[in-house]
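The structure appears right after this line, and notes come after that.
Just so it is clear: chains get the letters A, B, ... in the order the sequence lines come, proteins before strands, and each one is counted from 1.
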Amino acid sequence: MNPSQIKEKLLEILISNGYQYEKFNVFPSAKKEFGDFSTNLFFKLKKTEKQISTDDLINLIKNDPWIKENFEKIEEKNGFINFFVKNQVVYATVEEILRADRAYGKNNLGNKKKVLIEFVSANPTGPLTIAHGRQAAFGEALARILRACGYSVTKEYYLNDCGRQMELLGVSLKARYLQLKGIPAEIPEDGYHGEYLKDIAEKIQDIALDTDNKFFENFAKEEILKMIKKDLADFNVYFDSWFPESELRNNGDVEKIIEKLKEKGLVYQKDDALWFKSTVFGDDKDRVLRKKDGSYTYLAPDIAYHQDKIKRGFDILINLWGPDHAGYVSRIEAAVKAMGFDPEKLHIIIVQLTTLYRGKEKILMSTRKGQFITLRQLMNEVGPDSTKFFFLFRRADSHLDFDMELAKKQTEENPVFYIQYAFVRAMHILSFGETKGFKQNDFIHADFSLLKQDIEIEMIKRLKNFPLIVEQAAKTLEVSKIAGYILDISGTFHSYYQKFRVVDENEDLSLARLALVKCFSIVMQNGLDMLGISQPEKM
RNA sequence: GCGCCUGUAGCUCAAUAGGAUAGAGCAUCUGCCUUCUAAGCAGAGGGUUGCCCGUUCGAUUCGGGCCAGGCGCGCCA
């Protein structure tokens, strides 16, 4: 039983009685006293020309055979129609979850549509920051959720491996290398001063001191890339594809896309530079593609990159960017529109910054002062799963306060432990049940109608909501909904555990309750899996 | 100055494409362990949803105007 089934039925009833109206909602009831599902149909229907009385409509609904079969009560209250599901229908959920098992919560919303999620895409000039970490956690989780919803998802990392920043990286490494050899050398002011280049310099075999910058640039790039990949792997984030910017430059795609824009009359020359008429598509000013000195801006290859994404046949493009790129959104949207791609299918999600705290104390970060916590340091200290969870609890477009002390605490104050403890408890009960001779294979044959306690019914109903939550998360591209839901059912489970014993003398009841615990563990497992968080079976 | 994001309980956050009396956790106070892990549970207090208008049956949600915080606003990436 879910809202869309009810809505479908209501539509059917309306149509067969001469009403063509579909702009109403069916949603899980706000409160228990309002039943399980509610609809605002009356409010909406009042605005239409054809009138129908409340009683007439209620009667039509009540007399429908399908409604009779599934609901024990239909009532009108405060203008809403409330639906009360029969317990017998609720029990069917237990069987449904047990049968679906690892597939429970999945759907086919995406219908194999191809989605590209581009994220992290940090320049290979230094270690990943916590801002990248949040993007990584979010992107990985979003990909898993969309896959669970039947989308064909590719996770891609766009690698800015050319341009001035890379040159500076080479120069900086060369300076470090020379210093190591006892030769005075200075890193340029706008170069990379981080300690990590010292470590990388030490890995260089003896080479001629006048080796050109390109060598150092490549060496640094490869080493840093290794480091980034290691960080991501330890954070349980994996990319399907690494897309180097250099490819676009080398194969002439940048020139080609500029030519194409020229043909459309969207490019012009001014002040010795080449401009893109992005204002035609709603940007607040036109943007330079090729600078006076003949080199490209960041935008030019990025347009070529998006052209490439489109050419590869993706139906939906999702970009996760940091807030420092927020001002860049309208120009890339303009570019995508210029290429004739439906702008509705491009989703640029700005993943907001994270502020680290130790208790009440804010950790001030400053690259200059060398006071800087990397993703590596954060996950080494807090642990990858905890780190991920904190990143995912909050909506992407909100700033996040991340208290490292709290995240490390192994107490109830820490929501991550609260959740993990709930899961561990469930697993423990299941294995305890096995020692008492209750086999998981038999759960499906249990008499679920023995689950009569209010909290048991409530638990089942909440577990029933899981697929809806997943669907919503996919539709809104909001991962935090699943994190919140998991916290929620964890609470219900703890409460249940406290109130009732699962395994006791009554064998039939024990079996039914074990089945319920199993259902809980399935949902937790599937939910945590969608978030990309591992599930500890012991603590 | 302009643009984007945010503003909800003391703190951190929810609120399912506009729904009913705005909900959780932490913190505070009061109770609960010979039991499948108390890393937990039960209960209490705590609110003019930043402020003001508007749209409507109904606004935390949408629109306009203020206020506060963050981030952008290069022929950098």
Side-chain angles (χ1 to χ4, degrees), chain A residues 3 25 27-31 33-34 38-40 42-44 46-47 77-80 82 123 125 160 162-166 190 245 270-275 284-285 287-299 302 322-330 350 352-353 355 357 360 390 393-403 406 409-415 417-418 420-422 424-426 428-433 435-436 465 468-469 471-473 475-476 478 480-481 483-485 487-488 491 493-504 510 513-514 517 538-539:
Chain A
N25 286 328
F27 46 90
S29 304
K31 288 192 152 200
E33 55 172 300
F34 300 146
S38 306
T39 177
N40 54 5
F42 280 138
F43 295 116
K44 302 293 173 187
K46 251 193 260 174
K47 296 194 175 177
K77 198 169 190 179
N78 301 343
F80 294 90
N82 297 326
N123 290 357
T125 54
N160 298 120
C162 341
R164 178 157 168 71
Q165 295 308 314
M166 294 308 295
D190 50 356
E245 180 189 344
K270 193 183 92 181
D271 304 332
D272 296 327
L274 197 66
W275 295 71
D284 28 328
K285 47 182 165 180
R287 307 290 174 175
V288 172
L289 292 171
R290 194 165 53 217
K291 299 178 250 178
K292 245 183 211 167
D293 66 5
S295 65
Y296 293 116
T297 59
Y298 178 78
L299 179 63
D302 209 16
D324 51 333
H325 283 67
Y328 200 80
V329 172
S330 50
I350 300 295
Q352 285 292 343
L353 293 177
T355 310
Y357 285 80
K360 296 233 175 237
F390 276 89
F393 258 129
R394 213 30 176 127
R395 294 167 48 99
D397 54 9
S398 291
H399 300 255
L400 174 72
D401 284 339
F402 191 128
D403 181 351
L406 175 64
K409 270 191 193 162
Q410 314 232 330
T411 70
E412 67 194 65
E413 293 165 64
N414 182 347
F417 277 85
Y418 184 83
Q420 288 180 331
Y421 186 40
V424 168
R425 267 186 160 167
H428 193 261
I429 291 171
L430 292 176
S431 63
F432 180 80
T435 67
K436 297 283 172 191
N465 273 338
L468 288 177
I469 300 287
E471 199 180 309
Q472 263 168 32
K475 280 181 181 166
T476 58
E478 259 312 337
S480 62
K481 290 182 193 300
Y485 170 79
L487 184 60
D488 204 43
F493 181 74
H494 278 309
S495 181
Y496 178 48
Y497 171 90
Q498 196 69 29
K499 228 168 174 170
F500 298 101
R501 224 190 130 75
V502 174
V503 181
D504 67 4
S510 297
R513 286 186 169 168
L514 280 165
V517 172
K538 279 185 183 166
M539 283 167 75

Taking any heavy-atom pair under 4.0 Å as a contact, classify [X]: base, sugar-phosphate, or nothing.
X	answer
Asn82(A)	base
Val517(A)	nothing
Lys499(A)	nothing

Nearest-nucleotide comparison on RNA chain B, the residue closer to the 5′ end among Lys44(A) and Asp488(A):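 First, find each residue's nearest nucleotide; the 5'-ward one identifies Lys44(A).
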Residue closer to the 5' end of RNA chain B, Asp272(A) versus Phe34(A) (nearest nucleotide):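 Final value for this comparison: Phe34(A).
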Student check: side-chain heavy atoms of Lys481(A) and Thr476(A) closer than 4.5 Å: yes
Residue pair Tyr497(A) / Val502(A), side-chain heavy-atom distance below 4.5 Å: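 They are not in contact (no side-chain heavy atoms under 4.5 Å apart), so the answer is no.
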If you measure from the [atom1] atom in [N] to the same atom in [M], how many Å do you get, rounded?
N	M	atom1	result
A22(B)	U49(B)	P	10 Å
G72(B)	G25(B)	P	37 Å
C11(B)	U28(B)	P	15 Å
G74(B)	G3(B)	C1'	16 Å
A27(B)	C4(B)	C1'	34 Å
G40(B)	C26(B)	C1'	15 Å
U56(B)	C62(B)	C1'	11 Å
U6(B)	A15(B)	P	12 Å

Euclidean distance, atom [atom1] of residue [X] to atom [atom2] of [N] [Å, nearest integer]:
X	N	atom1	atom2	result
Asn25(A)	U61(B)	CG	C1'	14 Å
Gln498(A)	U35(B)	CD	P	12 Å
Glu471(A)	A17(B)	CD	C1'	13 Å
Ile469(A)	A15(B)	CD1	C1'	11 Å
Phe390(A)	C26(B)	CZ	P	13 Å
Arg287(A)	C76(B)	CZ	P	13 Å
Leu468(A)	A17(B)	CG	P	10 Å
Tyr485(A)	A14(B)	OH	P	19 Å

Between [atom1] of [X] and [atom2] of [Y], what distance do you get to the nearest 0.5 Å?
X	Y	atom1	atom2	result
Asp397(A)	Ile350(A)	CG	CD1	9.5 Å
Tyr328(A)	Arg287(A)	OH	CZ	9.5 Å
Ser495(A)	Phe500(A)	OG	CZ	9.0 Å

Using the test salt bridge (charged side-chain N to carboxylate O under 4.0 Å, His left out), find all partners of [X] that sit at least two apart in sequence or belong to another chain.
X	value
Lys292(A)	none
Arg164(A)	Asp190(A)
Asp272(A)	none

Ranges pairing with ranges for RNA chain B, where each run has three or more Watson-Crick or G-U pairs under 3.5 Å: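 Correct response: B:1-7 with B:67-73, B:10-13 with B:23-26, B:28-32 with B:40-44, B:50-54 with B:62-66.
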Where protein sits on nucleotides 67-72 of chain B, one letter per nucleotide: B base, S sugar-phosphate only, - none, heavy atoms under 4.0 Å: --BSSS
Check every atom of [options] against the side chain of [X] and return the nucleotide holding the closest atom.
X	options	answer
His494(A)	A77(B), G40(B), A20(B)	G40(B)
Tyr418(A)	A39(B), C41(B), C75(B)	C41(B)
Phe417(A)	A39(B), U35(B), A17(B)	A39(B)
Val503(A)	C36(B), A14(B), G23(B)	C36(B)
Asn78(A)	A77(B), A20(B), C57(B)	A20(B)
Lys475(A)	A77(B), A17(B), A20(B)	A17(B)
Ile429(A)	C36(B), C41(B), C5(B)	C36(B)

Closest contact, heavy atoms only, Ala396(A) versus Glu478(A):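 Taking Ala396(A) first and Glu478(A) second, the nearest heavy atoms are N-OE2, 3.4 Å.
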Contact summary for Thr435(A) and Phe432(A), nearest pair of heavy atoms: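 Looking at all heavy atoms of both residues, the shortest contact is OG1-O, 2.5 Å.
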Under 5.5 Å and under 30°: Phe80(A) stacked on A20(B):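 It does: the two rings, one from Phe80(A) and one from A20(B), meet the stacking criterion.
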Centroid under 5.5 Å and tilt under 30°, Phe27(A) to G19(B):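 Phe27(A) vs G19(B): stacking no.
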Those residues that, when tested against Phe43(A), pass ring pair (Phe, Tyr, Trp, His ring centres under 6.0 Å) (two or more places apart): Phe80(A)
Polar pair under 3.5 Å, donor/acceptor by atom type, side chain Asn40(A), base G19(B):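 By the distance-only test, yes, there is a pair.
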hbond_proxy Ser38(A) side chain to A20(B) base (donor-acceptor, 3.5 Å cutoff):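 Indeed, a donor on one side and an acceptor on the other fall under 3.5 Å apart.
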Under 4.0 angstrom between Arg164(A) side-chain N/O and C76(B) OP1 or OP2: no
Short side-chain N/O contact to G3(B) OP1/OP2 from Lys285(A), under 4.0 Å: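 For G3(B), neither OP1 nor OP2 has a side-chain N or O of Lys285(A) closer than 4.0 Å.
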